[in-house]
S.K.: 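Below you'll find the structure I mean.
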Amino acid sequence: MGSMYQVQSKLRQDLGLHKIQAVRKSGRELNGTKAYVSAMARYGFNPTEESRFFHLKKTDLTKEFQRRGYTRHWEQLVRAPQERPDDPHTENEPVPAEDQQYDTQYLCEIGIGTPPQKVKLDFDTGSADLWVRCRDSSLLHHADKKFDPKKSDTFQESKTDQTWKIQYGDGSTASGTVGTDVITVGGLQVKNQAIELAKKVSSAFSSGEADGLLGLAFSKINTIESDGKPDPQPTPVENMISQEDIPKEAELFTSAFYSARDDKSEEKSFYTFGWVDEDLVKASGIDIAWTPIDNSEGFWKFPSESATVDGENVSVSGNTAIADTGTTLALVSDTVCKALYAKIPGSKYSYQYQGYLIPSTITTDQLPQLSVAVGGSQFIIQKEDLLLAPADNDHWYGGVQSRGTMPFDILGDIFLKSIYAIWDQGNNRFGAVPKIEVNQHTVFPTTESSTEASSPSPEPAAPIGEVYLLPSLEQVRDAVANLQML
């Protein structure tokens, strides 16, 4: 282990590597139901409990698909009324795209091009695209922060007519063309990186501060196409490795997230590329626990065959989990979820809020200690993080929820805040040490922000496959001003 730190220290000095501050999005209030629905849209699972939000199988009957011998089936994320309907035939509403988008809490600044143009991106270990709002896109968004390929000496357009597209169940899209350029991440230069330029963006993508997204999963799930056929391109870390100027011991990145419960002004969360924070590892008092990963599906997946709740073992033989910075919640099997909430006084499942709720009067010493396995090691989820955010005036929304019909756990920020994570792509392994914060308060908010969550009331959405006209800038500004959250 000492030799790894020595190699990384030399590389850090030679290249001037530094931490990338992960800044919490300003004005972003956590909403448990919205976080859960975002995960459903991202991974396509359905709840196992009776719930308002679910994927409904559809048959496309638009004229475009009324052809002999061809019927198009698809799934749409919909919601039922807030109260359980007496009539089982009650109409369900599509969930708008702004309530399905990326659930990341942090923004990180990188440079693209020569000279570097600074942009703020979501870093996401559950996807594999690097897309950015382009200066000439049809929908303006923080124009001073967009990437302008014409101002980069090293930008090259794709020679194979590569395209990309992100599409949600209500038909909202972001799409564009592809080029390559140099990116600078934490002082590390990555050459010939595929940059997906967002040139058409539906109005739902106009909200928020992010200029785009940087995927840190594996290229198997990259969405770039050539001539309508999949043509996945390497991620920044894969390109970093292929450059062969990075030692094997440094073919990795790390992440450390901290709670904002007590001091929102002090942003300590960060990423590093090419080196591990040795001081943070030493502070944990233990060596890094490594486990091999299975990236065959494009994710950071590892065995997670047990959990404990207040010291009682919960066996989930054969279970696996992925670590995902693009998901807020920790989503686990029903077995673990029910074992956890059975130990929390007054907790209950809520149809309306689509998740387990915890009484607002709960105290930290009443919360159980939950740990989950990463390979052969157990890691505790900080007690305070079991309380995500107010659901209504009397309840917290739980930070740990059911994964529904997903075949594996999804360990998002609720879990990742309790560890220092080492994503060692070059050696195909995931490492972790505990990182529990000493002081976090659990005082239930009494402001208007804790009032009952409401659901948006979207216009009926057209099915996938129809043509969508992009709105004018004035329409977008009006839509953003009137945007309602879940």
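Owing to the predicted nature of the structure, the values given are computational and were not obtained by experimental measurement. FYI, side chains are in, hydrogens and waters are out, and symmetry mates aren't considered; it's all heavy atoms of this structure.
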S.K.: Is the ring pair Phe253/Trp423 parallel, tilted or perpendicular, if the boundaries are 30 and 60 degrees?
M.R.: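 Phe253 vs Trp423 ring planes: parallel.
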S.K.: Can you check whether Ser127 reaches Leu213 side chain to side chain, under 4.5 Å on heavy atoms?
M.R.: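 Yes, at least one pair of side-chain atoms sits under 4.5 Å.
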S.K.: For residues Tyr271 and Thr325, determine if any side-chain heavy atom of one lies less than 4.5 Å from a side-chain heavy atom of the other.
M.R.: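 They are in contact (side-chain heavy atoms under 4.5 Å apart), so the answer is yes.
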S.K.: Could you label the plane-to-plane angle of the Tyr349 and Tyr356 rings as parallel, tilted or perpendicular, counting under 30° as parallel and over 60° as perpendicular?
M.R.: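 If you compare the ring of Tyr349 with that of Tyr356, the planes turn out perpendicular.
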S.K.: Evaluate salt bridge (charged side-chain N to carboxylate O under 4.0 Å, His left out) for Arg429 paired with Asp424, printing each intermediate quantity in order.
M.R.: CA-CA 5 Å; Arg429 60 183 182 172; Asp424 190 352; 2.7 Å; yes
S.K.: Parallel, tilted or perpendicular: which one describes the rings of Phe257 and Tyr106, with boundaries at 30° and 60°?
M.R.: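 Because their plane-to-plane angle is under 30°, the rings of Phe257 and Tyr106 count as parallel.
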S.K.: What distance separates Cys108 SG from Asp122 CG, expressed to the nearest 0.5 Å?
M.R.: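 That separation rounds to 8.5 Å.
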S.K.: For Lys165, look at atom NZ and say whether over 12 heavy atoms of other residues, nucleotides or ligands are found less than 6.0 Å away.
M.R.: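 No.
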S.K.: Where is the tightest heavy-atom contact between Val336 and Val316, given as atom of each residue plus distance?
M.R.: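 The pair with the smallest heavy-atom distance is CG2-CG1, 4.0 Å.
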S.K.: Salt bridge or not between Asp334 and Arg403? Use side-chain N to carboxylate O under 4.0 Å.
M.R.: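 Between Arg403 and Asp334 there is no salt bridge, as every charged N stays at least 4.0 Å from the carboxylate O atoms.
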S.K.: Under a 4.0 Å threshold between the charged nitrogen and the carboxylate oxygen, would Asp385 count as salt-bridged to Lys417?
M.R.: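 Salt bridge present between Lys417 and Asp385.
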S.K.: Among Phe379, Tyr420, Phe302, which residue satisfies the ring pair (Phe, Tyr, Trp, His ring centres under 6.0 Å) criterion with Phe430?
M.R.: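 Looking at Phe379, Tyr420, Phe302, the match for Phe430 under the ring pair (Phe, Tyr, Trp, His ring centres under 6.0 Å) is Phe302.
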S.K.: So that I can tick it off, tell me whether Arg42 and Asp124 are bridged by a salt bridge, with the cut-off set at under 4.0 angstrom between side-chain N and carboxylate O.
M.R.: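 Answer for the salt bridge query: yes.
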S.K.: Between Leu411 and Asp324, is there a side-chain heavy-atom distance shorter than 4.5 Å?
M.R.: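 Of all side-chain heavy-atom pairs linking Leu411 with Asp324, none is under 4.5 Å.
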S.K.: Compare every heavy atom of Ser360 with every heavy atom of Asn393, then report the nearest pair and how far apart it is.
M.R.: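 In terms of heavy atoms, the two residues are closest at O-OG, 4.2 Å.
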S.K.: Just so I know, are the side chains of Asp129 and Gln233 near enough to count as touching, which here means a heavy-atom distance under 4.5 Å?
M.R.: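 Side-chain contact under 4.5 Å: no.
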S.K.: Report yes or no: is the cationic atom of Lys268 (NZ for Lys, CZ for Arg) closer than 6.0 Å to the six-membered ring centre of Tyr258, at no more than 45° off its axis?
M.R.: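 Yes, Lys268 and Tyr258 form such a contact.
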S.K.: Indicate yes or no: does Glu297 engage Lys301 in a salt bridge with an N to O separation below 4.0 Å.
M.R.: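 Yes, charged N to carboxylate O under 4.0 Å.
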S.K.: Working to the nearest 0.5 Å, report the span between NE2 of His395 and OG1 of Thr361.
M.R.: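 Spacing of NE2 (His395) from OG1 (Thr361) equals 8.5 Å.
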S.K.: Can you confirm if the aromatic rings of Tyr353 and Tyr397 lie within a centre distance of less than 6.0 Å?
M.R.: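 Centroid distance Tyr397-Tyr353: not below 6.0 Å, so no.
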S.K.: So, do Phe45 and Tyr36 have ring centers that fall under 6.0 Å from each other?
M.R.: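 Yes, close enough.
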